[in-house]
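Below is one structure, written out as structure tokens; comments come after it.
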Protein chains: 2
Amino acid sequence: MDKPLETIIVDSILDAIADQRLRAGTKLGEQALSDLFACNRAQVRRSLAALTAYQVVDHLPNRGAYVATPTPDDARDIFQARRAIETVICRNVVRLATQGDIAALREHLRQEQAAKGSDNRPVAVRLSRGFHVMLGRIGRNPVLARYLEELTMRSSLIIGLYAKGHATLCAEDEHARIVDAIESRDEAEAQRLLDEHLRHIEAGISFDDDKPQTGALSAMLRGIRD
Amino acid sequence: MDKPLETIIVDSILDAIADQRLRAGTKLGEQALSDLFACNRAQVRRSLAALTAYQVVDHLPNRGAYVATPTPDDARDIFQARRAIETVICRNVVRLATQGDIAALREHLRQEQAAKGSDNRPVAVRLSRGFHVMLGRIGRNPVLARYLEELTMRSSLIIGLYAKGHATLCAEDEHARIVDAIESRDEAEAQRLLDEHLRHIEAGISFDDDKPQTGALSAMLRGIRD
DNA sequence: TCTTTTTGGATTGTGAACAATCTGTGTTAT
DNA sequence: ATAACACAGATTGTTCACAATCCAAAAAGA
């Protein structure tokens, strides 16, 4: 099974955004990326075109590609879309989750707990998003799962931009309660808890502060998958 | 206001797919597109990368780009996603639609009626999809609207592939009843009618028949927007 | 000192040539 | 006659060089 390099570039950048290693507004220079991935600019160019289509990168003609900076309006729309999509995903999960799926969710909760204790923010951010992505996979609707991945990525950008100090991560006990409802096959309760959870996340952001700064590219992309 | 050529290429192809002028499986040769749009292959290449990200084009390494051919499973997932998204859009529309919006919808219904009479299939297909896209715009959530555009495009591919003879288009009286419910601000009824409408469309397709043929590219892309 | 202009470096966009891969056709051997 | 092989044409992938554009710092003028 061969992996086209283009896919690796796209996934690496998406991962970095999801983990909040790449912050909104960071310039994605073509030369810099060519050097980092040891490839030619044409491949970088196509990768950036794909990322632009995913709406996580803004492409300004003659000026380059930048990690997207969602506006407060975007944030509202994105979270409304997440509630719409995750509600349906949740229903599918309640109906389709096997015992193995639920065990995997519990294991994930355990890891989230551990990461929270260890005070390792990038890992905690990744796991927190991972819970939602995991639900997407268990729901067995790749179309919805893909949109959810896109939206959680953009949510990471939003949280990185606008989160007020503390409440920046999903409360993992909310995740745990959702798994409980899934296990007891209580569709309405699971959906209610998930909707509430998303509203809590959204409530944890505020748009008062100033725009944050852009960071160095190469340092942020370290930890690229092989 | 300048328009990058790349955007024109992508939009032209998306329009052609939405109107069912481009059918599933059609090969999108780089040279052919370069000639059609009078540009170099690099721009075509980037456009195809974007279309691949939109999931309306499949890219096979060393073999070229083809208009995507959704599977029956894809169809089920896509229509479930449409119900999830359009339900929320519909709620927004009921709450936000101005009198002007409703007048525009009525005008659209009139055009649909006229097109159905004139037996002009491409126009009828475009208008039928246009109704749903219009709801997306009125709902004032660009994130949901964009997903809806993607999903309706893929729906066009599905209907082109699997529709059984007749019931291939939206029944426009269902559209009319939805507008009625919107105008009387009956949220639940509008959502119910829309959900039912989508189920009717999905019920109008069957996966028994053989795969259809691929067509000529240049003829299908005629009618490119300026 | 502040504003405007100019200029140099860097980055993005474009184009064409070359290499690698695939598809279909025709030949040859069993 | 069928199957395997080989070759030719066409298509995709890659590379490199050059043109156009933008940005920032330096220089000139008020």
Side-chain angles (χ1 to χ4, degrees), chain A residues 1-13 22 24-69 211 213-221, chain B residues 1-13 22 24-69 211 213-221:
Chain A
M1 29 177 167
D2 58 275
K3 288 207 294 182
L5 176 59
E6 191 204 36
T7 306
I8 297 178
I9 299 176
V10 170
D11 288 347
S12 296
I13 294 177
L22 265 179
T26 307
K27 167 144 194 176
L28 300 172
E30 297 185 359
Q31 189 71 311
L33 290 172
S34 303
D35 295 346
L36 271 171
F37 291 95
C39 65
N40 54 27
R41 279 197 319 151
Q43 292 172 305
V44 168
R45 222 147 217 285
R46 282 178 33 123
S47 303
L48 290 176
L51 289 165
T52 302
Y54 287 137
Q55 300 199 306
V56 295
V57 164
D58 285 337
H59 187 85
L60 314 184
N62 287 318
R63 300 192 41 198
Y66 296 81
V67 178
T69 327
K211 291 291 173 62
Q213 72 298 342
T214 157
L217 172 57
S218 58
M220 293 166 171
L221 277 177
Chain B
M1 34 176 168
D2 59 283
K3 289 208 295 183
L5 177 59
E6 191 204 36
T7 306
I8 297 178
I9 299 176
V10 170
D11 288 347
S12 296
I13 294 177
L22 265 181
T26 306
K27 167 145 194 176
L28 299 173
E30 297 185 359
Q31 189 68 5
L33 290 172
S34 304
D35 296 345
L36 271 172
F37 291 95
C39 64
N40 55 26
R41 274 177 48 214
Q43 292 172 304
V44 168
R45 223 144 215 284
R46 284 180 31 126
S47 303
L48 290 176
L51 289 165
T52 302
Y54 287 138
Q55 301 198 306
V56 295
V57 164
D58 285 337
H59 186 85
L60 314 185
N62 286 319
R63 300 193 39 199
Y66 296 81
V67 178
T69 324
K211 291 292 173 62
Q213 72 297 343
T214 157
L217 173 57
S218 58
M220 292 166 172
L221 277 177

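The sequence lines fix the lettering, A, B, ..., with proteins before strands; numbering per chain opens at 1.
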Could you tell me the separation between the CZ atom of B/Phe37 and the CG atom of B/Leu5, rounded to the nearest 0.5 Å?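 Interatomic distance, B/Phe37 CZ to B/Leu5 CG, rounded to 0.5 Å: 8.0 Å.
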
Atom pair CD/CZ of B/Glu30 and B/Arg41 - distance to nearest 0.5 Å: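 Nearest 0.5 Å value for the CD-CZ distance: 5.0 Å.
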
Counting C-beta onward and ignoring hydrogens, is there a side-chain heavy-atom pair between A/Ser34 and A/Asn40 closer than 4.5 Å?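 With C-beta onward as the side chain, the pair stays apart.
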
Within the 4.5 Å heavy-atom criterion, are B/Leu22 and B/Ile13 side-chain neighbours or not?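 A side-chain contact under 4.5 Å exists here.
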
Return the set of residues passing side-chain hydrogen bond (donor to acceptor under 3.5 Å, both in side chains) with B/Arg63 (not counting sequence neighbours), or none when no residue passes.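 B/Arg63 satisfies side-chain hydrogen bond (donor to acceptor under 3.5 Å, both in side chains) with no other residue.
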
What one-letter contact string describes nucleotides 12-23 of chain D from 5' to 3', where B marks a base within less than 4.0 Å of any protein heavy atom, S marks contact via sugar-phosphate atoms alone, and - marks no contact? BBBB-----SSS

Give me the atom names and distance for the closest heavy-atom approach of B/Thr69 to B/Gly25.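 Looks like OG1-N, 3.8 Å.
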
Would you please test B/Leu33 and B/Ile9 for side chain to side chain contact (heavy atoms under 4.5 Å, CB included) and show each step? CA-CA 9 Å; B/Leu33 290 172; B/Ile9 299 176; 5.6 Å; no

First contact, last contact: which nucleotides of DNA chain C are these for chain B, 5' to 3', heavy-atom distance under 4.0 Å?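 The footprint of chain B covers C/dT14 to C/dT23.
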
Please list, one pair per line, the donor and acceptor atoms closer than 3.5 Å that link side chains of residues 46-60 of chain B to other protein atoms, with sequence neighbours excluded.
| unit_1 | atom_1 | unit_2 | atom_2 | d |
| --- | --- | --- | --- | --- |
| B/Arg46 | NE | B/Glu6 | OE2 | 3.3 |
| B/Arg46 | NH2 | B/Glu6 | OE2 | 3.4 |
| B/Ser47 | OG | B/Gln43 | O | 2.9 |
| B/Thr52 | OG1 | B/Leu48 | O | 2.7 |
| B/Gln55 | OE1 | B/Arg154 | NH1 | 3.1 |

Angle by which the axis turns from one end of the helix from C/dT1-D/dA30 to C/dT30-D/dA1 to the other, five pairs per end, to 10 degrees: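 The angle separating the two end axes equals 0°.
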
